[in-house]
Amino acid sequence: MADLSSTTVFITGATAGFGAAAARRFSADGAKVIITGRRKDRLDALKNELSSPVHAIELDVRDRGAVEAAIAGLPNEFASIDVLLNNAGLALGLGPAYEVAMEDWEQMIDTNIRGLLYCTRAILPGMVERNRGHVINLGSVAGTYPYPGGNVYGGTKAFVHQFSLNLRADLLGKNVRVTSVEPGMAETEFSEVRFKGDKGKAAGVYADMQPMTADDIANVIHFVATCPPHLNVNTIELMPTQQAFAAFAVNRG
Ligand code: NDP
Ligand code: 8X3
């Protein structure tokens with residue numbers, strides 16, 4: 001256990017999956033946590049569960065004005081953010097690019113890219129001013145390895161990967177770390193969201209294999225955040241042991 005009682009962590013998408021697990025993990029070490037997401041009932045339940053100081057904000061990261069207002073309006077005791085966990089995100093659909101709904105593409109871009117940028121741009125100046133901070137972004141193996149139906153989702157995560165590296169370049173000398181955490185299959189509400197509430201289809205993704213869990217990813221996030229200050233984990237890629245790569249596809253005949 002680390003003593004994180006003087007650390008403040010801002011988490012997007014804390015109402016489920018990795019974000020909720022990370023809130024629990026950081027809170028267990030005494031960190032002050034700011035939990036955000038669109039589902040207020042989930043935020044209230046998580047706030048009641050956690051034992052360290054918690055500030056909950058109902059927030060849609062796609063709303064730039066709301067993001068800026070939420071960060072500007074933080075109570076004093078939560079205002080000096082040390083760790084920004086840009087976790088809110090989603091995949092919608094698994095269809096080919098020539099069939100899927102443009103609205104799904106827009107929602108992924110608005111959440112996974114724009115939302116992440118709004119939070120980063122609003123919180124980063126304070127980190128630079130305090131000469132202390134860590135931005136941890138949720139990328140994905142989908143940002144590195146293509147798969148059918150990954151089209152825009154993978155594209156958004158490739159953005160997260162490269163943006164994280166470019167942030168490192170801009171922040172040299174500022175004592176602010178940046179990490180892109182890039183998991184493969186982890187069982188959360190992710191597939192249920194991707195398949196728009198079809199629980200059977202979502203369960204099928206993880207059938208007869210052992211996926212990673214939200215706690216696995218939260219432990220890795222906690223690990224990168226608690227490395228000694230002179231050490232920056234740039235990118236960390238994770239997969240279940242039972243997930244790997246396929247050969248190139250060839251259309252014959
Ligand atoms: P979940 O669906 O379990 O959780 C997603 C979280 O994102 C929820 O808390 C949801 O909260 C939040 N969210 C979605 N849209 C918005 C929005 N517009 N504004 C604010 N919050 C939003 O998924 P995971 O925990 O699995 O995913 C977390 C991150 O990890 C995502 O970026 C995902 O792409 C990435 N990832 C997931 C993998 C997996 O296999 N599970 C693998 C690799 C990466 P609410 O609905 O209440 O707003
Ligand atoms: C989620 C992992 O493999 O479903 O980012 O795209 S995958």
Side-chain angles (χ1 to χ4, degrees), residues 10-25 34-46 56-64 66-67 70 85-94 104 106-119 136-161 164 180-197 199 201-202 204-206 209-218 220-221 235-240 242-246:
F10 186 105
I11 303 174
T12 66
T15 55
F18 304 164
R24 292 187 180 99
R25 185 65 192 84
I34 302 156
I35 53 172
T36 72
R38 292 168 300 175
R39 286 170 288 182
K40 187 174 181 313
D41 54 332
R42 300 271 191 112
L43 291 172
D44 292 344
L46 185 59
I57 311 172
E58 200 180 330
L59 183 66
D60 185 331
V61 294
R62 293 171 295 176
D63 183 340
R64 179 176 161 188
V67 168
L85 178 59
N86 273 319
N87 164 78
L90 77 171
L92 286 174
L94 197 57
D104 287 351
E106 287 174 333
Q107 188 174 346
M108 288 188 275
I109 290 166
D110 290 348
T111 310
N112 303 0
I113 298 181
R114 287 177 188 270
L116 180 144
L117 293 179
Y118 298 154
C119 294
I136 302 177
N137 295 326
L138 256 299
S140 167
V141 294
T144 301
Y145 311 101
Y147 60 80
N151 42 67
V152 164
Y153 177 67
T156 66
K157 295 304 185 179
F159 173 91
V160 171
H161 173 85
S164 303
S180 179
V181 177
E182 303 181 358
M185 295 165 76
E187 190 165 9
T188 60
E189 294 173 18
F190 176 84
S191 291
E192 223 177 295
V193 171
R194 175 170 242 172
F195 298 124
K196 304 187 176 174
K199 287 180 196 283
K201 210 166 168 186
V205 173
Y206 312 108
M209 57 85 66
Q210 187 173 359
M212 296 183 291
T213 65
D215 285 339
D216 290 331
I217 306 307
V220 169
I221 291 166
T235 304
I236 184 162
E237 184 183 292
L238 317 145
M239 274 186 177
Q242 289 180 298
Q243 182 181 22
F245 318 96

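Each ligand, and each atom within it, is numbered from 1 in the order the structure gives. Start at 1 with the first residue, then count along the sequence.
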Min side-chain heavy-atom separation Arg64-Leu117 under 4.5 Å: no

Flag, side chain of Gln242 to backbone of Gln210, donor-acceptor distance under 3.5 Å: yes

Every residue of the protein that comes under 4.0 Å of ligand 1, judged on heavy atoms: Gly13, Ala14, Thr15, Ala16, Gly17, Phe18, Gly37, Arg38, Arg39, Leu59, Asp60, Val61, Arg62, Asn87, Ala88, Gly89, Thr111, Leu138, Gly139, Ser140, Tyr153, Lys157, Pro183, Gly184, Met185, Ala186, Thr188, Glu189, Phe190, Val193

Salt bridge (charged side-chain N to carboxylate O under 4.0 Å, His left out) involving Asp44 - partner list, sequence neighbours excluded: Lys40

Donor-acceptor contact below 3.5 Å, side chain Arg194 vs main chain Gly93: yes

Distances for all N or O pairs of ligand 2 and the protein under 3.5 Å?
unit_1: ligand 2; atom_1: 5 (O); unit_2: Ser140; atom_2: OG; d: 2.5
unit_1: ligand 2; atom_1: 5 (O); unit_2: Tyr153; atom_2: OH; d: 2.6
unit_1: ligand 2; atom_1: 6 (O); unit_2: Tyr147; atom_2: OH; d: 2.5

N/O donor-acceptor pair under 3.5 Å between Asp110 side chain and Gln107 backbone: no

Set of side chain to side chain donor-acceptor pair (under 3.5 Å) partners for Asn112, sequence neighbours left out: Thr156

For the student: nearest non-hydrogen atoms of Ala214 and Ala21, plus distance: O-CB, 3.6 Å

Reference residue Leu85; test side-chain contact (heavy atoms from CB on, under 4.5 Å); the match among Thr12, Asn137, Ile221: Ile221

Residue pair Val141 / Met239, side-chain heavy-atom distance below 4.5 Å: yes

